[in-house]
Amino acid sequence: MTDAALTRTDAPVRTRPRRVWTGALIGAALAVLAGASLFIGVSDVTPASLLAGDTDAAFLLVASRVPRTVAVVLAGASLAIAGLIMQMMVRNKFVEPSTTGVTEFATLGMLVAMVLWPGMTVVGKMGVATVFGLVGTWVFLRVIRAVPVRQLVLVPLVGIMLGGIVGAVTAFFAYRLDLLQSLGQWSQGSFASVMQGRYEFLWFAAAMAVVAWVAADRFSVIGLGEEFATNLGLNYRRVMAIGTCVIAVITASVLVTAGIIPFLGLVVPNIVSLLVGDNVRRSIPWVAGLGAVFVLACDIIARTVRFPYEIPLSVVVGVIGAGLFLWLLLRKGSRAH
Amino acid sequence: MIALDHVTKRYGTTAALDDVSLTLGDVGVTALLGPNGAGKSTLFSVVGRLIQADAGTVTIDGRDVAETPSSDLARTLAVLRQDNHIAARLTVHDLVEFGRFPHSKGRLTVEDREHIERALDYLDLGPLRDRFLDELSGGQRQRAFVAMILAQDTRYVLLDEPLNNLDLRHMTEIMRLIRRLADELGKTVIVVLHDINFAARYADRIVALRDGRVVADHDVSGFMRPEVLADIYDSPVEVHQIDGKPVALYYE
Ligand SMILES: Nc1ncnc2c1ncn2[C@@H]1O[C@H](COP(=O)(O)OP(=O)(O)OP(=O)(O)O)[C@@H](O)[C@H]1O
Ligand SMILES: [Mg+2]
């Protein structure tokens with residue numbers, strides 16, 4: 001090795017000021033929005049009232065506002081990570097649980113649990129939804145094996161079709177069993193009913209996010225494709241299985257707590273990919289942070305637009321997410337030609 | 001040594017490899033030649049456990065590829081495939097870093113970093129290290145892949161048409177690098193080439209495949225004979241001595 005090469009090893013990695021600033025911005029936004037989320041609501045909880053020793057305010061904060069804020073942050077961060085992991089596994093930027101049938105499968109699982117075991121605990125329901133989510137992920141991965149990797153648009157189309165079919169089956173049975181309304185009610189994304197004792201399943205999602213974080217390099221290597229992964233000695237199947245579990249558990253636990261939050265897993269990793277690339281070890285904190293910020297912001301909007309009423313979070317996320325997605329798509333297109 | 005023992009691989013009715021028995025890795029650089037569809041890439045895929053042979057066994061240093069843990073093999077053998085398509089947005093440095101995965105499992109040591117720097121250096125990629133792969137030219141990307149394989153630091157290095165997309169200067173540089181890998185670092189390189197003259201200039205041994213069978217296996221002087229070459233490619237090839245080295249002319 002030459003001297004020049006040695007000195008270069010010791011030289012600091014080239015700093016990227018734009019990246020540092022964006023990172024700081026996401027961190028600050030997370031702190032500010034989380035703070036705001038604690039103090040927005042019908043009843044008055046303000047920092048002043050807390051300092052004055054208002055016990056009602058303190059109770060409300062602990063029983064409802066803190067859980068809601070924690071739930072939003074966990075759901076946002078972990079769903080975005082589920083999207084990222086799925087994109088690495090499929091090697092396609094346009095997939096996430098809700099565009100691949102996974103969410104629909106998990107919803108079907110919820111319906112099955114509701115019908116067969118009406119008295120089941122929420123943990124039990126989540127378990128059933130997770131199993132269905134696993135099956136859904138597996139079915140999707142199986143089906144797209146027939147689609148060439150380079151068919152970028154075909155893969156999510158197949159996923160959306162799959163979701164459509166499963167969604168239709170769910171709706172049919174829900175209709176026949178007169179459960180359409182309750183199905184609609186809880187699958188409509190919202191954190192309004194989150195309070196102490198009703199959000200803790202999201203820690204399962206958080207645990208899976210940690211698993212993804214620990215295995216970050218493996219998912220990067222998986223993203224290079226099966227041949228590269230094999231050449232590098234990675235157990236391809238095992239990593240795919242871990243990824244499948246990560247996706248299913250995150251999807252199911254967010255679903256039972258807050259319903260469907262569309263587009264998140266698609267938009268956030270794509271934005272991060274533009275900023276810092278797809279090395280999962282580097283991008284995963286960004287994805288988690290931006291995912292949390294995104295859902296926090298949308299949740300605050302959902303709580304304030306028609307104050308004192310709330311509009312469904314999925315509506316806000318859907319509108320903003322679809323807009324961002326369109327922008328990303330057009331941008332990508334302009335870069336490719 | 002890489003030993004193939006009666007290896008057969010079929011796709012439908014065509015045999016991509018037809019009962020091949022071959023020992024590779026006795027000399028520093030072996031060139032693998034043969035017309036399109038001869039089975040060269042298939043041979044690499046079987047040796048690199050990327051596909052399963054229908055019959056026969058492959059052993060590397062006496063260990064059966066099918067029974068050796070993949071993570072062990074990754075520290076013994078590195079394969080660069082012919083077509084590499086990476087959808088992920090990775091920088092050159094990221095890619096080369098993944099070459100260290102079999103050793104580091106993601107936690108880079110000082111030694112890993114040295115290997116990465118050396119690979120970047122060897123392939124002339126210093127100025128491009130922070131560029132994303134999708135912002136590179138085809139040849140620059142090809143060099144990045146070779147750097148990744150180099151960082152993997154394995155005893156056996158299999159390169160499938162590494163000269164793809166390269167300009168004249170970088171073709172010679174890659175071939176010289178291959179020579180250095182063998183001569184200075186003691187590695188065993190097996191490289192698929194289409195240019196007979198590159199093979200003759202840089203390889204120690206040349207193996208030719210055709211229709212899934214080994215049809216020629218010689219040292220350079222034995223290989224560079226008109227009758228041998230014409231047989232392989234089914235077209236006339238002249239061999240001239242230029243500066244005491246055999247050069248094949250096949251442009252007519
Ligand atoms: N996945 C596949 N499915 C069907 N046939 C295949 C497949 N891969 C290779 N073949 C066939 O196997 C034979 C050998 O292919 P291989 O890719 O090994 O050739 P090669 O010597 O590398 O050729 P080239 O110089 O064009 O790269 C060819 O006839 C090819 O058509
Ligand atoms: Mg080939």
Side-chain angles (χ1 to χ4, degrees), chain A residues 1-2 4-11 13-16 19 84 87-88 90-94 148-150 152 155 214-238 269-270 272-283 332 335-336, chain B residues 44-45 48-51 68-91 93-95 97-108 110 113-122 126 129-135 145 148-149 152 154 158:
Chain A
M1 172 165 307
T2 62
L6 273 177
T7 33
R8 206 186 298 149
T9 322
D10 300 334
V13 180
R14 204 179 81 191
T15 48
R16 299 171 188 79
R19 240 182 236 180
L84 172 72
Q87 287 162 23
M88 295 312 282
V90 180
R91 297 212 280 156
N92 189 305
K93 281 260 140 60
F94 300 128
V149 171
R150 293 185 205 201
L152 284 186
V155 170
V214 171
D217 290 298
R218 283 169 175 73
F219 287 114
S220 299
V221 172
I222 283 286
L224 302 177
E226 183 166 3
E227 277 108 16
F228 269 99
T230 309
N231 173 50
L232 293 174
L234 197 74
N235 189 330
Y236 185 80
R237 288 179 164 214
R238 188 190 300 158
N270 272 288
V272 172
S273 171
L274 287 177
L275 289 171
V276 301
D278 289 331
N279 185 340
V280 178
R281 171 143 323 273
R282 191 167 59 228
S283 69
K332 275 233 155 108
R335 227 162 44 104
Chain B
F44 272 20
S45 296
R49 72 207 174 292
L50 304 176
I51 57 174
T68 311
S70 186
S71 52
D72 287 0
L73 277 179
R75 275 178 260 123
T76 315
L77 174 92
V79 188
L80 180 64
R81 310 225 322 147
Q82 182 171 355
D83 292 311
N84 297 293
H85 173 74
I86 289 188
R89 238 167 89 81
L90 297 172
T91 64
H93 187 273
D94 287 335
L95 185 73
E97 193 182 307
F98 291 138
R100 291 307 293 170
F101 186 82
H103 306 269
S104 69
K105 302 285 177 222
R107 304 261 169 274
L108 295 182
V110 175
R113 289 185 197 286
E114 279 172 8
H115 277 286
I116 294 167
E117 292 307 322
R118 188 173 66 186
L120 288 170
D121 223 37
Y122 267 34
R129 57 191 293 146
D130 288 320
R131 284 265 209 103
F132 285 106
L133 292 176
D134 57 5
E135 300 166 352
F145 286 127
M148 172 187 177
I149 295 297
Q152 203 174 333
T154 52
L158 274 55

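Every chain is numbered from 1 and lettered A, B, ... according to where its sequence line falls, protein lines coming before strand lines. This one's a predicted model, so the numbers in the text were calculated from it and none came from an experiment.
How far CG of Leu234(A) is from NZ of Lys105(B): 7.5 Å, rounded to the nearest 0.5 Å.
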All N/O donor-acceptor pairs, side-chain side in residues 71-79 of chain B, below 3.5 Å, sequence neighbours left out:
{"unit_1": "Arg75(B)", "atom_1": "NE", "unit_2": "Pro102(B)", "atom_2": "O", "d": "3.1"}
{"unit_1": "Thr76(B)", "atom_1": "OG1", "unit_2": "Asp72(B)", "atom_2": "O", "d": "3.2"}

Side-chain polar contacts of residues 214-226 of chain A - donor-acceptor pairs under 3.5 angstrom, sequence neighbours left out - could you list them?
{"unit_1": "Asp217(A)", "atom_1": "OD2", "unit_2": "Arg281(A)", "atom_2": "NE", "d": "2.8"}
{"unit_1": "Asp217(A)", "atom_1": "OD2", "unit_2": "Arg281(A)", "atom_2": "NH2", "d": "2.9"}
{"unit_1": "Ser220(A)", "atom_1": "OG", "unit_2": "Ala216(A)", "atom_2": "O", "d": "3.3"}
{"unit_1": "Ser220(A)", "atom_1": "OG", "unit_2": "Val280(A)", "atom_2": "N", "d": "2.9"}

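For Phe98(B), the parts lying near chain A are the backbone and the side chain together; criterion is any non-hydrogen pair under 4.5 Å. Residue Leu95(B) touches chain A through its side chain alone, counting heavy-atom pairs closer than 4.5 Å. Only the side chain of Phe228(A) comes within contact range of chain B, with at least one heavy atom under 4.5 Å from a heavy atom of that chain. Only the side chain of Arg81(B) comes within contact range of chain A, with at least one heavy atom under 4.5 Å from a heavy atom of that chain.
Counting heavy-atom pairs closer than 4.5 Å to chain A, the top residue among Phe132(B), Phe101(B), Tyr122(B) is Phe101(B). Ranked by heavy-atom pairs shorter than 4.5 Å toward chain A, the options Ala88(B), Gly48(B), Ser45(B) are led by Ala88(B).
Between the side chain of Arg131(B) and the backbone N or O of Glu135(B), at least one donor-acceptor pair lies under 3.5 Å.
Looking only at atom types and distance, the side chain of Gln152(B) has a donor-acceptor partner in the side chain of Asn231(A) under 3.5 Å away.
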